[in-house]
Number of protein chains: 2
Amino acid sequence: METLSLPPQATPVGLAVDVAAFAMHGGELQVLLVQRGELPHARAWALPGGFVQPGEDLHEAALRELRTETAVTLEPRHLEQFYTFGAPGRDPRGRVVSVAHLAVLAHGTVQVTGGGHTLGAGWFPAHRPPPLAFDHATILTRALGRLRVRLEYAHLALEFLPDTFTLPELQRVHEAILDRPLDKRNFRKRLLAQGVLVPSGERRSGPGRPAQLYRRAKGTRTAAL
Amino acid sequence: METLSLPPQATPVGLAVDVAAFAMHGGELQVLLVQRGELPHARAWALPGGFVQPGEDLHEAALRELRTETAVTLEPRHLEQFYTFGAPGRDPRGRVVSVAHLAVLAHGTVQVTGGGHTLGAGWFPAHRPPPLAFDHATILTRALGRLRVRLEYAHLALEFLPDTFTLPELQRVHEAILDRPLDKRNFRKRLLAQGVLVPSGERRSGPGRPAQLYRRAKGTRTAAL
DNA sequence: TACAGTTCGTGTCATGGAGACACTTTCGCT
DNA sequence: AGCGAAAGTGTCTCCATGACACGAACTGTA
């Protein structure tokens, strides 16, 4: 079986992965972009991504690109494939099909120094990005849509925060993703009713009344599919 | 721009599409399978699919494979990409990445004669399929999951039926997809409240009380994404 | 033409989740 | 002590969902 090879109908294509990686910073939802150092679209901003290597799973490839192109310090808390872009003209170099991924990085991961063969990397407002290379604006829009959908019935928002967090912080994550304000009381009611949050007993001080700190309940890890 | 070519990092892979095509037949949800005529997995049943051709969009490739491998008579009413399978060992011939699609064929499309380089094609119970080649059992399971999700908030079930249909017929489609019975009164209440159905005035006779015929309301085409 | 068989069509009540809505509490700072 | 700032809290309404049983309309046959 291992000696079989690809039949002639299998016209080779370039297989790439692109990653829309999000994090919260300054109360805003940010997306990680790299500045391209090569043609095509040199000096343009783009989603981190690149070609899949032999024997490498799509998931692994997405992780590798994230690490080598952007020098982010932490592992993503969530990584999920969400759509494959394969229109014939989408890359001027030839036929490149890209499996787009959605990643969530925890708070505290936001320092980025650039790396690999890019000119740099940085965080940008996810809802108002700069002009992007290739069809990456489309990819980003769809990633945001997926993120919104995931909010409804998953615990994904928790992945943006440190292990321990306050309810107002969590609310700000939801608001940043949905790009609209939410009612405080309804938000708390809904979240607490889901039973995935456990008060840690601690409180956090600041300019105002201290907030109760919460922790995710055990056995509530997101199915990182 | 057109003279650029793929960089050396782009290790070539085989790019394929596979299609899980569903239709209603005999009150049951059926999936379209082909019997493979070539190695690997010769004589095994598999989802229709094959390699994408140069310059061909993924969507087009899925349509072509559906037509040439199975000689189905009608166009699918819905075609949607839902996941890309790219684990290194999934195909013994080498690195093959498959973009899996979900298709819905209208009632009346069920005659299938086989074609292309397969030994035949046929319909099988979607929830109890025969053993399948490659990782197609996994693909089918995920296609069914997607179909269920789509039922909740889309008009996808209508695509299984002819232009004009009765409410009990539509209910049977939902029941077949969910693989469980539904309450008649609640089902009618919910569907009619959605406002996507319009009584056509006609009735359909049979062994029992005649049923009201319905038609989809204008401007309610499924976003075939 | 009467009856049996078969399928279609209909309404109420209880429950649970979601959204609108305003004031009090607790702390830090001056 | 007082002020500013943010956290925390409860009620009511509305809508969607699910459980539940019987009469109505037609076909075919005796």
Side-chain angles (χ1 to χ4, degrees), chain A residues 24 26-28 107 148-158 161-162 164-215, chain B residues 24 26-28 107 148-158 161-162 164-215:
Chain A
M24 288 293 298
E28 220 186 347
H107 198 79
R148 265 191 294 271
V149 168
R150 281 277 179 265
L151 263 200
E152 290 174 13
Y153 63 105
H155 333 270
L156 189 53
L158 302 185
L161 296 172
T164 174
F165 53 89
T166 69
L167 273 179
E169 283 167 356
L170 183 57
Q171 180 172 348
R172 269 172 233 122
V173 174
H174 282 248
E175 289 175 331
I177 292 174
L178 298 174
D179 204 19
R180 69 181 164 90
L182 297 173
D183 180 86
K184 205 200 309 187
R185 287 162 291 189
N186 295 333
F187 179 79
R188 300 168 86 87
K189 208 192 320 173
R190 187 160 56 84
L191 266 286
L192 292 176
Q194 269 171 227
V196 297
L197 265 39
V198 166
S200 81
E202 308 281 313
R203 315 180 144 261
R204 168 166 309 165
S205 292
R209 177 172 174 176
Q212 176 63 253
L213 282 171
Y214 289 84
R215 191 181 297 283
Chain B
M24 289 293 297
E28 221 186 347
H107 198 80
R148 265 190 294 271
V149 168
R150 281 277 179 264
L151 262 199
E152 289 174 14
Y153 63 104
H155 332 269
L156 189 54
L158 302 185
L161 296 172
T164 175
F165 53 88
T166 69
L167 273 179
E169 284 168 355
L170 182 57
Q171 181 173 349
R172 268 173 234 122
V173 173
H174 282 247
E175 289 175 333
I177 292 174
L178 298 174
D179 205 19
R180 69 181 164 92
L182 297 173
D183 181 85
K184 205 198 313 188
R185 287 162 294 189
N186 295 334
F187 178 78
R188 301 168 85 87
K189 208 192 319 173
R190 188 161 54 85
L191 265 287
L192 292 176
Q194 269 171 227
V196 297
L197 264 40
V198 167
S200 80
E202 307 280 312
R203 315 179 144 262
R204 168 165 308 165
S205 292
R209 178 172 172 174
Q212 176 63 253
L213 282 172
Y214 288 83
R215 191 179 298 283

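A:Pro162 pairs by the side-chain contact (heavy atoms from CB on, under 4.5 Å) definition with A:His107, not counting sequence neighbours. Checked against side-chain contact (heavy atoms from CB on, under 4.5 Å), A:Ala211 has the following partners two or more places apart in sequence or in another chain: A:Thr166. Taking A:Phe165 as the reference, nothing meets the ring pair (Phe, Tyr, Trp, His ring centres under 6.0 Å) condition, with sequence neighbours excluded. Listed by chain and residue number, A:Gln171 satisfy the side chain to side chain donor-acceptor pair (under 3.5 Å) test with A:Glu175 (two or more places apart in sequence, or in another chain).
The CZ atom of A:Arg204 sits 11 Å away from the P atom of D:dA7 (whole-angstrom rounding). For the pair A:Leu197 CG and D:dG8 P, the computed distance is 12 Å after rounding to whole Å. In this structure, A:Phe187 atom CZ and D:dG10 atom C1' are separated by 18 Å, rounded to whole Å. In this structure, CD of B:Glu152 is placed 16 Å from P of D:dA16, rounded to the nearest angstrom. Separating the CG atom of B:Leu182 from the P atom of D:dT17 is a distance of 12 Å, rounded to the nearest angstrom. To the nearest angstrom, P of C:dT10 lies 14 Å from CG of B:Leu191. One interatomic measurement links the two molecules: CD of B:Glu202 to C1' of C:dC8, which rounds to 17 Å at whole-angstrom precision.
A heavy-atom distance below 4.0 Å to DNA chain D is reached by none of the residues of residues 171-181 of chain B.
Here ring pair (Phe, Tyr, Trp, His ring centres under 6.0 Å) pairs that include residues 169-193 of chain B, with residues two or more places apart or in two chains, are B:His174-B:Phe187. Residue pairs meeting the side chain to side chain donor-acceptor pair (under 3.5 Å) criterion with at least one partner in residues 193-205 of chain B, sequence neighbours excluded, are B:Glu169-B:Arg204. Judged as a salt bridge (charged side-chain N to carboxylate O under 4.0 Å, His left out), not a single pair has a partner in residues 187-196 of chain A (not counting sequence neighbours).
Nearest-nucleotide positions on DNA chain C place B:Leu192 closer to the 5' end than the other of B:Leu192 and A:Asp183.
Interatomic distance, CG of A:Leu158 versus OH of A:Tyr214, reported as 12.5 Å (0.5 Å rounding). With values rounded to the nearest 0.5 angstrom, B:Asn186 atom CG is found 11.5 Å from B:Leu191 atom CG. Rounded to the nearest 0.5 angstrom, A:Glu28 CD and A:Arg172 CZ are separated by 13.5 Å.
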Using a 4.0 Å heavy-atom cut-off to protein, can you give one letter per nucleotide of nucleotides 22-30 of chain D, 5' to 3': B if the base is in contact, S if only the sugar-phosphate is, - if neither?
-BBBBS---

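Proximity note for A:Arg185 (side chain, C-beta onward) versus C:dG11, C:dG9, C:dA22: the nearest is C:dA22.
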When you compare the protein's N or O atoms with those of nucleotides 12-17 of chain C, which come within less than 3.5 Å of each other, and at what distance?
unit_1	atom_1	unit_2	atom_2	d
C:dT12	O4	B:Lys189	NZ	3.3

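When every heavy atom of A:Ala157 is checked against every heavy atom of A:Leu170, the shortest pair comes out as CB-CD1, 3.8 Å.
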